[in-house]
Structures are given as structure tokens and as C-alpha cells.
Visitor: 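Questions regarding the structure given below will be posed in turn.
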Number of protein chains: 2
Amino acid sequence: MTNVMMKHDDLYKIIWMSRPLMQAAETLVEQGLQGTGLTVRARAVLEILLRHGSLSVPDIAVHLEIKRQYVQVMVNETLAEGLTRKQDNPRHRASPLIALTGKGEQLIARVTERELEIVAALGAELNPDEVRTTLQVTSALLQKMKTAVKEERE
Amino acid sequence: MTNVMMKHDDLYKIIWMSRPLMQAAETLVEQGLQGTGLTVRARAVLEILLRHGSLSVPDIAVHLEIKRQYVQVMVNETLAEGLTRKQDNPRHRASPLIALTGKGEQLIARVTERELEIVAALGAELNPDEVRTTLQVTSALLQKMKTAVKEERE
DNA sequence: GTCAGATTGACATGTATGATGTCAAAATAT
DNA sequence: ATATTTTGACATCATACATGTCAATCTGAC
């Protein structure tokens, strides 16, 4: 078998591994959320706000790549629990910025810290250079797949 | 920043990339299925049968890691369309083996061949050694995550 | 400034992919 | 032989979104 054929086979396996990988990851996240009262979707909102600062609902939807209508539901949950609050939006008076409250910020900071610890444990035996290579390859692959999807749609 | 911290950060990114990766992959698969009349779930059943030969419904469920009740629905679809047929199961008379028909085998062979072509195009610029490394790292990561999930449950 | 078109929150409804529960028939284990 | 398990079949539920619509508000071109 040629090297090139093996590469395609490897790529095929990598692609089909993305689903079990994601499922395992999300199950781990769920377990990490036990006791925090957070849902996975609330966690997603808080993390975006932690990383990017205050954003409007449509902005969050762009980051999460899901529809604003669904983000609205998620955000309303976090507002109800006092994890976020509305701020005036200078760019659009009817669309407030959603900001983390102190409570929300502490919570999401604790959660992501804990997740990083778990990741550290998972990666204990992995070679840093190989991990770096993996990140580069999967990033490139994702880019190419997104482009391919767009092209087919035209 | 130390090498080790960078590794954890890379790993974290890889893990969170699994969802967009999977979504892009599944969108591509859907596009490849256009015109075949196949649904994504019917395709999954046919592919398992192509790779592992005739299997009972519960066997397929083990491979797909979903509940047998749902697999039953998927299999019934493929039976109705003449893509699979029931065979006597020597190990369990009430649970027939599901086998590909000629029609089903041709169809799934064509579909997977086409998918491999798309993968080949995607991977054109990727280094085979790096792809190999990526497969090894993601496989190891998946293993570790599954183990971690099990351990937390105990 | 005004008016057409876009953006937004809110709400209702639809859909895909499963999980879960239950039952009766059949098979298997003891 | 009988207790236990497996299986197909069917019904119900849950989650994670997408889609459609409306009224309010905003923006941009004139």
C-alpha cells in the first residue's frame, strides 16, 4: 500500500473519530458541571463571555455558530440565575450587551479551571510536539472541510 | 510560558474543536448523500454491515454505540427499501442477521468511495507523517477520555 | 428628517436524533 | 422445567437546535 493511500485512510479515520471524541468530551464536561447547577448550554454562554467580554445575543450566536433565537433562550436562563446581566449597548439600544456578573464570572472561571486540570491529567503521557502537530492538522482539516461545504452549496 | 502549559492549551483546543469538526464532517456526508435517497442514519447502518458483514440489530447497536431500539428503526428503514434483508441467525432464531442486498452493497460502496475521494482532495496538502501522528494522538486521547468518563461514574 | 429595509427580542412551532419504558415471544441458562 | 435474558415492536419523552412570525427599534440612503 502506498503512503498516500495510508494517509487517506488515516484521514478518514480521524474524521469519523470526531463524533465519539466529541461525545466523550461532552460527557466529561457534563460530569465536571455536576454540583455547579450549570447546564452545558449555560456553560457555553458563560465561556464565550469570559473569553470575549460583553456581547449582544446575536454576537454570541455568531461565536457559537447557532441561531440567535436559541441563544436567546440560553441567555435568558443565565439572566434568570443571576450569572449574567444586561448592560446598555451603545451600538443598539434595543439589544443590550450581556455581561458576566461576579457570580457568573467566578463560576465559569472555576469550571474552566477544573476542566483544564482534567485535560492536564488526560495529556500527561502525550508528547507536546505531537499534540501541537495534531492541533495544526485538525485546524487545517476543519478549515478545508468548511470551505468544501461552502463550495458544494454554490 | 512553559512547554507543558502550551500542551494543555493545545489539547483543550483540540477537544473543543471536535464538535465543529464533526458538524462539518456530517454536513459533507449529507451533501455526498444527495441523489442517493439515503439518509445519514441509513448510511451508518449500511457502512457497519459493509465493514463487519451481517449482524443482528443489537450487534449493530454495539458498534454504533446507541440503543438497540433506535437501531431497530434505522434497520427497518433499510429493510423497507430493499437495501438489506433478514438472514437466519444460527445463534438466535428470533433475532435475524441483517445482511446487505446487492442493491445495498453497491450503494454503500459507491457512497464510501465517493467520500474517500472527497477526503483525498481535502488531504492533498497535508503531510502523511503528520496525519499519522494526528490519528495516533486523537486515538489515544479518545481512549483516555472514555476511561476518565468511566472512572468518574464509579 | 423621513422612509425603506435590516436588526432584534420574544414567542410559537417544527424537526432530528436519539433515550427510556414496556410488553410479549422466544431463546438460553441452570 | 423453569427462571432469566434477549429480542422485536411500539409508545412516550428529552435534548438541541432550526424555522417562522411579529412588533419594536434601529440604520442608511436620499
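Letters go in sequence order (proteins before strands), and every chain restarts at 1. Predicted model only: the values in this text are computed from it and were never measured.
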Visitor: What is the distance, rounded to the nearest whole Å, between atom NE2 of A/His92 and atom P of C/dA6?
Guide: 14 Å
Visitor: Nearest whole Å is fine: how far is C/dG14 P from A/Tyr70 OH?
Guide: 18 Å
Visitor: Once you round it to whole Å, what is the distance between C1' of C/dG9 and NZ of A/Lys67?
Guide: 16 Å
Visitor: On DNA chain D, does the nearest nucleotide to A/Arg91 precede the nearest nucleotide to A/Val40 from the 5' side, or the other way round? Give the residue.
Guide: A/Val40
Visitor: Just do the side-chain contact (heavy atoms from CB on, under 4.5 Å) check on A/Arg43 and A/Ile108 with the steps written out, would you?
Guide: CA-CA 7 Å; A/Arg43 180 209 165 282; A/Ile108 188 61; 4.0 Å; yes
Visitor: With a non-hydrogen cut-off below 4.0 angstrom, is A/Val73 in contact with a base, only sugar-phosphate, or nothing?
Guide: nothing
Visitor: Start at the 5' end of DNA chain C and walk down; is the nucleotide closest to B/Ala94 or to A/Gln72 reached first?
Guide: A/Gln72
Visitor: Taking CZ from B/Arg68 and P from C/dG18, how many angstroms apart are they, rounded to a whole number?
Guide: 17 Å
Visitor: Quick one: A/Glu30 CD to D/dA14 P, roughly how many Å, whole number?
Guide: 16 Å
Visitor: Let me know, please, whether A/Pro96 or A/Gln23 comes out on the 5' side of the other along DNA chain C by nearest nucleotide.
Guide: A/Pro96
Visitor: Within the pair B/Ser95 and D/dT6, is there a side-chain N or O less than 4.0 Å away from OP1 or OP2?
Guide: no
Visitor: Let me know the distance between CE of B/Met22 and C1' of D/dC17, rounded to the nearest Å.
Guide: 12 Å
Visitor: Strictly below 4.0 Å, N to O, side chains only: are A/Glu65 and B/Arg19 in salt-bridge contact?
Guide: no
Visitor: Can you tell me how far apart OH (B/Tyr12) and CD1 (A/Ile118) are? Round to the nearest 0.5 Å.
Guide: 9.5 Å
Visitor: Counting only side-chain heavy atoms from C-beta out, which of C/dG18, C/dA10, C/dG21 sits nearest to B/Gln69?
Guide: C/dG21
Visitor: Of all the nucleotides listed (C/dA27, D/dA9, C/dG9), which has the minimum atom distance to the side chain of B/Lys86?
Guide: D/dA9
Visitor: Between B/Arg93 and C/dA27, is there a contact of a side-chain N or O with OP1 or OP2 at under 4.0 Å?
Guide: yes
Visitor: Do A/Thr133 and B/Glu130 have side-chain atoms, one donor and one acceptor, less than 3.5 Å apart?
Guide: no
Visitor: Expressed in angstrom and rounded to an integer, what is the separation of A/Arg41 atom CZ from D/dA18 atom P?
Guide: 12 Å
Visitor: Assess whether salt bridge (Lys or Arg N to Asp or Glu O under 4.0 Å) is satisfied between A/Glu125 and B/Lys144, documenting all intermediate values.
Guide: CA-CA 10 Å; A/Glu125 295 158 23; B/Lys144 286 171 191 293; 3.0 Å; yes
Visitor: Would you kindly give the CE-to-P distance between A/Met74 and D/dA16, to the nearest whole Å?
Guide: 9 Å
Visitor: Whether B/Asn76 contacts D/dA9 is assessed here as follows: a side-chain N or O lying under 4.0 Å from the phosphate OP1 or OP2. Is that the case?
Guide: yes
